[in-house]
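Only one structure is covered here, and it is reproduced in the block below.
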2 protein chains.
Amino acid sequence: MKNPPVTLITIAEKAGVSVMTVSRALNDEGSVAAKTRAKVRAIAAELGYSPNLSAKMMKGSRTNVIGILVNDLQSAVINEIIGAVSVAVRKLEMDLVIYNSIGDTDNAPSRGLGHMLQGLCDGLLLILPRISDTQLRQLEQRGLPVVLVNYWRPTDLPVVRGGNSDAAAAATRHLLQLGHRRIGFITGSAFTGQSQERQHGYESALRGAGIEVDPKLIAAGDFGRRSGYEAASALLTAENAPTAIFAANDEMAFGAIDAVRACGLRMPQDVSVIGFDDIPAAAHVHPALTTVRQPLAAISDAAVRELLLRIAGSGGEQQRVEFPSELVLRDSTARAPARADAAPAPKRATAPRRTGAAAVKPAPMKAATVKPATVKPVAGAAASRKRPAGKA
Amino acid sequence: MKNPPVTLITIAEKAGVSVMTVSRALNDEGSVAAKTRAKVRAIAAELGYSPNLSAKMMKGSRTNVIGILVNDLQSAVINEIIGAVSVAVRKLEMDLVIYNSIGDTDNAPSRGLGHMLQGLCDGLLLILPRISDTQLRQLEQRGLPVVLVNYWRPTDLPVVRGGNSDAAAAATRHLLQLGHRRIGFITGSAFTGQSQERQHGYESALRGAGIEVDPKLIAAGDFGRRSGYEAASALLTAENAPTAIFAANDEMAFGAIDAVRACGLRMPQDVSVIGFDDIPAAAHVHPALTTVRQPLAAISDAAVRELLLRIAGSGGEQQRVEFPSELVLRDSTARAPARADAAPAPKRATAPRRTGAAAVKPAPMKAATVKPATVKPVAGAAASRKRPAGKA
DNA sequence: ATGAAAGCGCTAACAT
DNA sequence: ATGTTAGCGCTTTCAT
C-alpha cells in the first residue's frame, strides 16, 4: 500500500542519468537531449511521479502556487471572490490553495497566518481579511508578497478593492428618489472597513439631500443573515419606523426581508430593501433584490496581477487599485408609501395590511438552520410588478 | 521591506544556543531547561518567527495540516461540508488547506492532485471528488493518507458518506403519499455516483408503490441551478407532465422552482418540488424547500477521524462509514392536484391559472448572473399555507 | 540539558 | 548535453 515515494532519484536511477538531468528534463530548463528528455518523462509518467512541492520551495524557487487566506468560507461574497480568483489564477497556469483561518487571533502566533507565510506559496491574497493590525504588521515585515482584496482600513500593503462609498451613496439616492425619507441602515462588522465606507456613502447621500442622519435609523449587524433580521426587526418595530432599509450586504438584506415579512409588512410596497454585493442569490430571490454589484472579475484579475508583479520582484508602484461598483435595480425597492410615518393607503387593490410604524412584533429568528416552522403568509405581494432590471 | 526570513538559526544566534535547542524549545520536545525555553520563546515571539512548513515536511514529520481537495467551490453543499470539516479540524488543533482543482483532468499529471500529494499536508480529504478513475488509482498507490467524502462509485479507498438511496426513496414516498403519481426526477452529473444512488431510491420507491418508472419523467441535469431550470421546463411542458419534481440536489430544485413559476404554475399547489442536501438556502427560500438532509457534521467528524487514523498509520479497518440522511418537510410539497393529467380545478380562490400539462412555454433561463429582467408575477401564491416544519 | 552531524528532495551555480 | 557540489530550514540520531 505505502510505496516508497517516487523522487527524482528513483527516476534518475531507472533512466541511468543524473538527478540533475531528470530535473532539467521535467522542467524544460537547461539543455537536455530530446531523447533523454523523452525517456525521463516516460519513466516519470509511468511511476506517477509528482514533484515534492516542499523541496521546491525550500530552494526558494517559485512554486506556481498562490495562496488565498480567508476567515469565513460560508460567506457568499467571499466565495464569489474566490471563484473569480480561481479563474484568474487558472488562466495563468498556476495553482490555488485556500487557507481558512476562521477565528484566528493574535494569541496563536505560530498557527494560522504564519504557516502559509513562509512555506506554501509564492504569494498570498487576503480576501476581506478580518485580520488584526498586529498580524497585518507582521505581514508587512515579512518578505512574502501579499495583496489585500477589499480591505479599507489603513495599511501600507497593496490593496485591490471595489468601490463602496460612492455606490452606497448611489443606492441611498435611489431610495431618496423613490420618495423615501426615513431610510434605515444596517451596518456590518468593522474588520475590513467596508461597512464604514458603505455607511459613509449612505450618510453623505442623506446629507446631500438635506436630510439629517438619524442615529436611531442605524442598527448594528455583523454581515450575517440573522443579524440583518434582528437589526431590521428593531428598526421596523421602533417608533417612526423607516420605509426603506439599506443593509451593508446582501445576506443581511435577506435577513431584513425576513423581518419585513415577519412584521406583516409587504416588500417592496411597504418597505423597500436594498443590499450590497450582488451575490447570486440576490437575483434569484423573489422579489429579486436591488443591490450594488462590485466588478469581482476585474478585482480578482487585478489582485492576481498585482500579486504576480510583487512575486516577480517588481514592487508594483501602484498600492491602491479600485474599481467602481454599480447599482443593480431589481424588485425589492419601490416608491415610498404615501405618508411615511402614518399608516399609508394601500397603493394597489390588495388585502388591507398593517404597515408603517409599529408593525407586528416579529418573533426572534430561529437559530442556525432556520426552518420557518410557521411561515408567515405573505399573500398577494408583488401583484403585478415589473421593472426592467439593469444598471442604474 | 524584505527582511531576511526569521529561521531557527536567527533565533539560535540571538539566544546564544544551538539550533537544536531552539527547535526543541519551540516544539516542547526533548528536555530543555525551563529558562532556556522561556528565553527562546520570547525571542521567537519578538522576531515574529513562524516555522517553515516546507522544511518541516521535508523531514517527514507531521505538519498538522489536513488538505481538502474540491472541484467546485461554488457548490453550496461542498461549502457546507468544508465548513463542517473546518470545525472538525479546528477542534483537533490542526490546520486546513483547501485545494481547488476545478477542471483538472488526467492530461495534467504534474498539476492538480499531484502537487498536494507529497508536499503539503499530512492527509487529504476528497470532497465529492469529480475525479477520474486513473487519478483515483494513482492515489491508492501513493502513500498519502486519503479519505473520500460522499463518493459512491467503487473504490478501495476509505469512504465516509451520507445516505442517498434510502433517503431518496423516503422523499419519493412522501410525494406518493401526497397523491402524486407522475413524479419527475432531475439527475445530477455522474462523477460521484450520488445522482445514481438518489435516482435508484426514487425508482425503487416508485416500484414499491406499483408504479412503473417512466423514462420520460427523468431529465438530465448537472447539479447546477440552471440545468434544473431547463430539465424542469422540459418536464413541465411535455405531454402528461409530472405534478411533482424531485431534483437530485437543492440547487437544481431551485432551478426547477424557477421553471414552475416561469410556466405560470404555482408551487406547491400545482407542482410540488423536492430537493436533496438541505443547503441553508433551502430553508430561506419562500416557500421553503422540502428536501433531504445529510448529517454533515457527523460525516465531517468521521472523515477527519478516519483520516487521522490513517495518518497515524493504523490503517482503520473500516473502509466505509455511512450516515443516514433524513427527509425535511417544508413547504414546497403539497397534495397532488385533483387530477394529475387534466387541468385541475384551482384548489383555492385565487386568480385563474393555467396548470397541469402543456403549461406556458418558459423562456430559456438567462445566463450566469440571472437578473430577472421581467419577473413573471406569481401573484397570490401560497395564500395561507402553514405546516409545522420538522423531520419526517 | 545541550550540541554536532547528517540528510530530507530539490535546484542554482559551477564544472566537464 | 550532462554531472557535481552545495545548501535551502528543519529534525532525527548520536554524541557530550
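Residue numbers begin at 1 in each chain, while the letters A, B, ... track the order of the sequences.
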[X] side chain vs [Y] backbone, donor-acceptor pair below 3.5 Å:
| X | Y | answer |
| --- | --- | --- |
| A/T10 | A/T7 | yes |
| B/S300 | B/L296 | yes |
| B/D122 | B/N64 | yes |

So which atom in [X] and which in [Y] form the shortest heavy-atom distance, rounded to 0.1 Å?
| X | Y | result |
| --- | --- | --- |
| B/I66 | B/C121 | C-CB, 4.1 Å |
| A/R320 | A/T155 | NH2-O, 2.5 Å |
| B/P295 | B/F323 | CG-CB, 3.5 Å |

Using a cut-off of less than 4.0 Å, is there contact between a side-chain N or O of [X] and OP1 or OP2 of [N]?
| X | N | value |
| --- | --- | --- |
| A/S23 | C/dC10 | no |
| B/S31 | C/dA1 | yes |
| B/Y49 | D/dC10 | yes |
| A/T36 | D/dT2 | yes |

How many Å lie between [atom1] on [X] and [atom2] on [N], as a whole number?
| X | N | atom1 | atom2 | result |
| --- | --- | --- | --- | --- |
| B/M58 | D/dC10 | CE | P | 12 Å |
| B/N27 | D/dG9 | CG | C1' | 13 Å |
| B/R24 | D/dC10 | CZ | P | 15 Å |
| B/K35 | C/dA1 | NZ | C1' | 13 Å |
| B/N64 | D/dT11 | CG | P | 12 Å |
| B/K39 | C/dT2 | NZ | P | 11 Å |
| A/N52 | C/dT11 | CG | C1' | 13 Å |

Among [options], find the nucleotide with the atom closest to the side chain of [X].
| X | options | value |
| --- | --- | --- |
| B/M20 | C/dA12, C/dG9, D/dT12 | D/dT12 |
| B/E29 | D/dC10, D/dT12, D/dT11 | D/dT12 |
| A/L8 | C/dA5, C/dC10, C/dA13 | C/dC10 |
| A/A33 | C/dC10, D/dT2, C/dG3 | D/dT2 |

With the threshold set at 4.0 Å, does a side-chain nitrogen-carboxylate oxygen contact exist between B/K91 and B/D301?
yes
Before giving the answer on side chain to side chain contact (heavy atoms under 4.5 Å, CB included), spell out for B/Y151 and B/R161 the whole-Å C-alpha distance, their side-chain angles and the decisive distance to 0.1 Å.
CA-CA 7 Å; B/Y151 190 78; B/R161 60 198 185 186; over 6 Å; no
Reading DNA chain C from 5' onward, which residue's closest nucleotide shows up sooner: B/G30 or A/V19?
B/G30
Let me check the geometry of the helix from C/dA1-D/dT16 to C/dT16-D/dA1. What is the bend angle between the axes at its two ends, five pairs each, to 10°?
40°
For DNA chain C, which residues of residues 9-18 of chain B approach it to below 4.0 angstrom with any heavy atom?
B/V17, B/S18
Which atom pairs, donor and acceptor, lie under 3.5 Å between side-chain atoms of residues 29-42 of chain A and protein residues at least two apart or in another chain?
| unit_1 | atom_1 | unit_2 | atom_2 | d |
| --- | --- | --- | --- | --- |
| A/K39 | NZ | A/A15 | O | 3.4 |
| A/R41 | NE | A/A25 | O | 3.3 |
| A/R41 | NH2 | A/A25 | O | 3.2 |
| A/R41 | NH2 | A/L26 | O | 3.4 |
| A/R41 | NH2 | A/D28 | OD2 | 3.4 |

Taking atom types as modelled, find out whether B/N150 and B/Q294 have a side-chain donor-acceptor pair closer than 3.5 angstrom.
yes
